[in-house]
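First up is the structure itself, then whatever we jot down about it.
Residue indices begin at 1 and follow the sequence shown.
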Amino acid sequence: MKIAVTYENGQVFQHFGHTEQFKVYTVEGTELLSAEVVDTDGFGHGALAELLSRLGADILICGGIGGGAQIALGNAGIKLYGGVSGSCDEAVKAFLAGKLDYNPDVRCDHHEHAHGAEGHSCGNHGCGSHGCGHHE
């Protein structure tokens, strides 16, 4: 099984469609066999599901994610665990132990809002309690 996590500096990146890297873990049962950081090479939003499919990902762990990307992941057969924050490695360990704290109803619906605001926080309008960071 392969588990992909949105990645930035060891942490779960909080905006799926803007992630520049995934950390991809190869797992057998509950044993971690390997992990590697993979660049998205400019892919964004829905196209990331295609990239994850090519990487052989079965599971995606991420922070905020929009509805279109969720549909694309579902169509690719990739199971989503959204609304996760903190260390990527710890998130995968928690997943393998059956203790991952995630939000099954995660939605990131800020795409209608202006992205120029400093300190924009999706927590104010539907993504959950995390902040997606600054959008340019």
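One hydrophobic cluster, built from ILVMFWY side chains closer than 4.5 Å, cannot hold both V24 and V92; they sit in different ones. Grouping the Ile, Leu, Val, Met, Phe, Trp and Tyr side chains by contacts below 4.5 angstrom, directly or via other members, places L60 apart from I3. Residues L96 and V84 share a hydrophobic cluster, clusters being chains of Ile/Leu/Val/Met/Phe/Trp/Tyr side chains in contact below 4.5 Å.
Counting only heavy atoms from C-beta outward, the side chains of V27 and L33 never approach each other to under 4.5 Å. For the pair L52 and R54, the minimum side-chain heavy-atom distance is 4.5 Å or more. Inter-residue side-chain proximity for L80 and C62 is flagged as met; some heavy-atom pair is nearer than 4.5 Å.
One distance of note links NZ of K93 with OG1 of T30; it measures 13.0 Å at 0.5 Å rounding. Atoms OG1 and NE2, on T40 and H18 in that order, are 11.0 Å from each other to the nearest 0.5 Å. To the nearest 0.5 Å, the span separating CD1 on I78 from CD on E50 amounts to 10.5 Å. With rounding to the nearest 0.5 Å, the separation of CG in D89 from CG in L32 is 8.0 Å. Annotation: the span from Y102 atom OH to I61 atom CD1 amounts to 10.5 Å, rounded to 0.5 Å. To the nearest 0.5 angstrom, Q70 atom CD is 9.5 Å from F16 atom CZ.
Evaluation of the salt bridge (Lys or Arg N to Asp or Glu O under 4.0 Å) rule for K2 yields no partner, not counting sequence neighbours.
Here the shortest heavy-atom pairing between T19 and Y7 reads OG1-N, 3.6 Å. Taking every heavy atom of both residues into account, A49 and A76 meet most closely at O-CB, 4.4 Å.
A donor-acceptor pair is defined here as one N or O able to donate and one able to accept, closer than 3.5 Å; such a pair exists between the side chain of N103 and the backbone of D105. Under the 3.5 Å distance criterion, the side-chain polar atoms of Q14 are matched with a main-chain donor or acceptor of V12.
Of the listed residues (Y81, F95, Y25), just one forms a side chain to side chain contact (heavy atoms under 4.5 Å, CB included) with V5, and that residue is Y25.
The 12-atom threshold is exceeded at CG of N75, counting heavy atoms of other residues, nucleotides or ligands nearer than 6.0 Å.
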